[in-house]
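Here's the structure, in structure tokens; my notes come after.
Throughout, protein chains are lettered first and strands after them, A, B, ... in sequence-line order, and every chain is numbered starting at 1.
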Amino acid sequence: MAKGQEITITLPDGAQRAYTAGVTGMEIAESISKSLAKAVIAARVNGEICDLSLPIEQDSAVALIKREDEAALEMIRHDAAHVMAEAVQKLFPGTQVTIGPSIENGFYYDFARNEPFSSEDLAVIEKEMRKVVERGAPFTREVWNRDEAIKYFTDKGEMYKAELIKDLPESEEIKIYRQGEWLDLCRGPHMPTTRHVGTAFKLLKVAGAYWRGDSNRAMLTRIYGTAWRTDKELQDYLTQLEEAEKRDHRRLGREMDLFHIQEEAQGSVFWHPKGFTIYNQMENYIRRRLKSAGYVEVKTPQLIDNKLWQASGHWGKFRENMFVVPDEVPNTEEEGPIFKGKFERLMALKPMNCPAHVQIFKQGIKSYRDLPIRMAEFGCCHRNEAHGALHGLMRVRQMTQDDAHIFCTPEQITQESIAFCELLQKVYKDMGFDGLNVKLALRPENKAGTDEIWDKAEQGLRDALDAAGVAYEDLPGEGAFYGPKLEFHLKDAIGRTWQCGTLQLDFVLPERLDASYIGPDGNRHRPVMLHRAILGTLERFIGIMIENYAGKLPLWLAPVQCVVATITGSADSYAQDVYEMLQKAGLRAELDIRNEKINYKVREHSVAKVPAIFVVGEREGKDRTVAVRRLGSQDQSVIPVAEAIQSLAEEAKAPY
RNA sequence: GCUGCCGUAGCUCAGUGGUAGAGCGCGUCAUUGGUAAUGACGAGGUCGGGAGUUCAAUCCUCCCCGGCAGCACCA
């Protein structure tokens with residue numbers, strides 16, 4: 001387009017304005033109003049956020065972004081990362097910069113430095129950052145020649161930046177952003193000056209992170225920070241972090257006496273009576289759901305000969321996560337090795353249930369008329385997870401999945417997938433989760449089966465998701481080697497996401513373990529296997545539930561549903577009656593006739609998150625009533641005991 | 001597994017180169033109290049484990065174990 005030509009800019013309200021080609025976002029803002037020019041930080045040109053200084057050459061839709069807009073957050077965070085990098089290099093010369101993106105709630109920057117950063121360093125860096133912001137140097141964008149850029153960074157000793165540039169595609173411009181003295185390779189965009197970062201930021205923690213996410217490469221030092229538009233937003237976020245800490249399932253698990261984990265069984269859960277009550281309620285709920293959805297339930301061995309794991313492929317692909325046990329009599333002498341010589345026979349604790357389910361499928365001859373077979377097991381699996389991965393109930397080494405395998409014909413994949421998605425949605429709704437975070441993991445580089453099979457399989461899952469009305473996100477390359485998978489993620493208290501439910505198509509295992517059925521044509525065919533779990537594992541799901549409800553579980557799951565607490569000793573015998581009535585009504589009740597004041601009892605049971613307290617004193621005993629106090633409410637209502645129990649029992653019914 | 005930080009009573013935490021303290025919890029006694037902590041007294045810890053430095057180590061150094069955060073891996 002020729003210089004000086006006129007272009008039309010369409011603003012968000014539909015207004016159209018004429019400008020000379022090459023006009024910048026800032027110039028547009030200035031032409032509208034002075035105050036707008038002052039407040040604006042970036043331009044969204046045809047949907048893409050750009051620097052205000054970027055010339056616009058063609059007719060475009062332009063929206064000007066102000067610092068108070070939601071869209072500014074990402075830029076504030078990204079710019080804060082640059083500011084931090086400048087501060088770090090000023091304070092710690094010789095530190096190499098690598099990458100520093102904005103993330104949810106903040107930003108980080110990865111540095112290469114021999115010395116670690118201490119928490120005192122963080123305070124100093126933060127102080128220096130405030131100086132950089134105060135200085136308010138403009139961000140200016142430059143495009144460099146590739147070879148010169150590589151030479152520049154190499155000469156400076158910035159080997160990581162040089163590597164990044166080398167790996168950029170030839171077609172990509174090498175963009176450099178300057179902020180005063182300091183500059184960085186960056187794709188942008190940035191706000192007009194460092195001053196726009198503002199003051200509402202804070203450095204939070206320092207941790208290690210591998211260069212390019214590869215555990216074979218150098219470990220860098222990552223500094224995390226949070227940044228917001230206003231100090232109030234920052235303060236709210238910090239308060240929210242503190243609140244989240246109180247919802248941590250590991251903390252609540254101890255406070256509510258639900259479970260514990262100890263050194264001698266790292267990553268495995270000791271369920272206490274109260275925690276196991278929740279566990280059993282969940283398991284039984286799922287069991288009812290599965291039964292009515294046409295599943296059959298089985299139980300298979302814990303220890304299985306490695307011959308089966310070799311045949312299934314786990315021995316090759318999954319062995320480093322397996323606990324292997326020799327089928328030998330250990331040496332009982334004081335001296336000498338536990339086992340002598342080489343092992344005749346090795347067993348492994350099952351890390352998954354699938355090969356065992358195939359063994360059941362293979363008993364006898366199956367007809368196409370038998371399919372689909374939906375085989376469920378609350379299978380206890382062991383996986384030798386890395387120590388650093390273990391995390392309370394969320395990541396354990398002994399887990400119980402609400403696992404099932406659906407053996408079906410290729411034609412049945414879509415309908416089975418739809419049915420599963422619908423069942424999962426019902427369950428998550430019952431558990432109090434509204435939004436589903438669904439990901440579709442697509443074919444990895446290293447995969448079994450032809451592209452044709454994968455096309456079909458991936459499309460089958462897409463169809464199922466669409467039919468069930470589920471929104472999802474693609475994860476290219478993340479599928480299992482044996483088939484694509486759906487992942488259903490939930491968030492914990494501090495926003496970490498955990499995969500819970502899953503649906504995985506598998507074309508490989510039936511082949512490897514030689515499972516077959518007789519088709520209508522009288523010939524043998526391979527069934528398709530769908531690996532699927534709704535909760536994922538009971539451990540993780542219960543962990544998420546505890547955090548989601550902050551320990552205040554719905555009545556049907558609460559370990560203790562009601563405490564009968566007396567005001568005076570003279571009400572003991574009536575309290576005993578009420579307690580027995582509660583038990584008869586099938587409610588999980590406790591009786592508190594301790595010699596304590598009612599204030600004390602109410603506080604203690606409230607802190608323990610008991611959903612209902614029946615307070616009884618002399619009056620209630622005389623009138624056959626109870627004073628009902630519900631968790632989270634200061635109110636109390638005195639009602640006839642039979643009525644109170646009946647309504648509580650009604651409310652305590654499981655959702656299914 | 002990697003990087004960093006941490007490890008004192010059941011829990012939350014203070015503390016010192018001369019082998020320890022608080023609050024809550026627990027036990028006993030008194031108190032019979034009307035909806036988020038009644039009072040008094042008492043018990044309880046070889047300060048994660050091992051080695052070293054030192055006249056002397058819970059404190060300093062090293063190694064190991066464990067926890068936490070992040071990364072990698074994953075339900």
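Going from the C1' atom of B:rA20 to that of B:rU58 covers 9 Å, rounded to whole Å. Between the P atoms of B:rG10 and B:rC26, the separation comes to 14 Å (whole Å). Only the P atoms considered, B:rC41 is 12 Å distant from B:rC24, to the nearest whole Å. For the C1' atoms, the distance from B:rU46 to B:rG50 is 14 Å, rounded to whole Å. B:rA36 and B:rG1: their C1' atoms are spaced 46 Å apart (whole Å). When the P atom is compared between B:rA30 and B:rG67, the two are found 46 Å apart, to the nearest whole Å.
Residue A:Glu385 has its side chain nearest to B:rC73 when only B:rC73, B:rC68, B:rG66 are considered. Picking from B:rA69, B:rG33, B:rA36 the nucleotide with the shortest atom distance to the side chain of A:Ala207 gives B:rA69. The nucleotide whose nearest atom lies closest to any side-chain atom of A:His391 is, among B:rG66, B:rA69, B:rA75, B:rA69. When the nucleotides B:rG4, B:rA72, B:rA36 are ranked by their closest atom to the side chain of A:Ala389, B:rA72 comes out on top.
The phosphate of B:rU32 (OP1 or OP2) has no side-chain N or O of A:Tyr600 nearer than 4.0 angstrom. Listed pair A:Arg254 / B:rU12 meets the phosphate criterion, a side-chain N or O lying under 4.0 Å from OP1 or OP2. Checking the phosphate oxygens (OP1, OP2) of B:rU35, no side-chain nitrogen or oxygen of A:Arg630 falls inside 4.0 Å.
If you check distances only, the side chain of A:Gln504 never reaches the base of B:rA75 with a donor-acceptor pair under 3.5 Å. With hydrogens and angles ignored, no donor-acceptor pair under 3.5 angstrom links the side chain of A:Arg217 to the base of B:rA72. Judged by distance alone with a 3.5 Å cut-off, a donor-acceptor contact links the side chain of A:Arg395 to the base of B:rC73. Not a single donor-acceptor pair, N or O on each side, falls under 3.5 Å between the base of B:rG33 and the side chain of A:Glu618. Residue A:Tyr210 places a side-chain atom within donor-acceptor reach of the base of B:rG1, judged by atom type and a 3.5 Å distance cut-off alone.
A:Tyr224 comes within 4.0 angstrom of the backbone, heavy atoms only, and of no base.
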Tell me which donor-acceptor pairs under 3.5 Å the side chains of residues 477-486 of chain A have, and how far apart each pair is, sequence neighbours excluded?
unit_1	atom_1	unit_2	atom_2	d
A:Tyr482	OH	A:Gln504	OE1	2.4

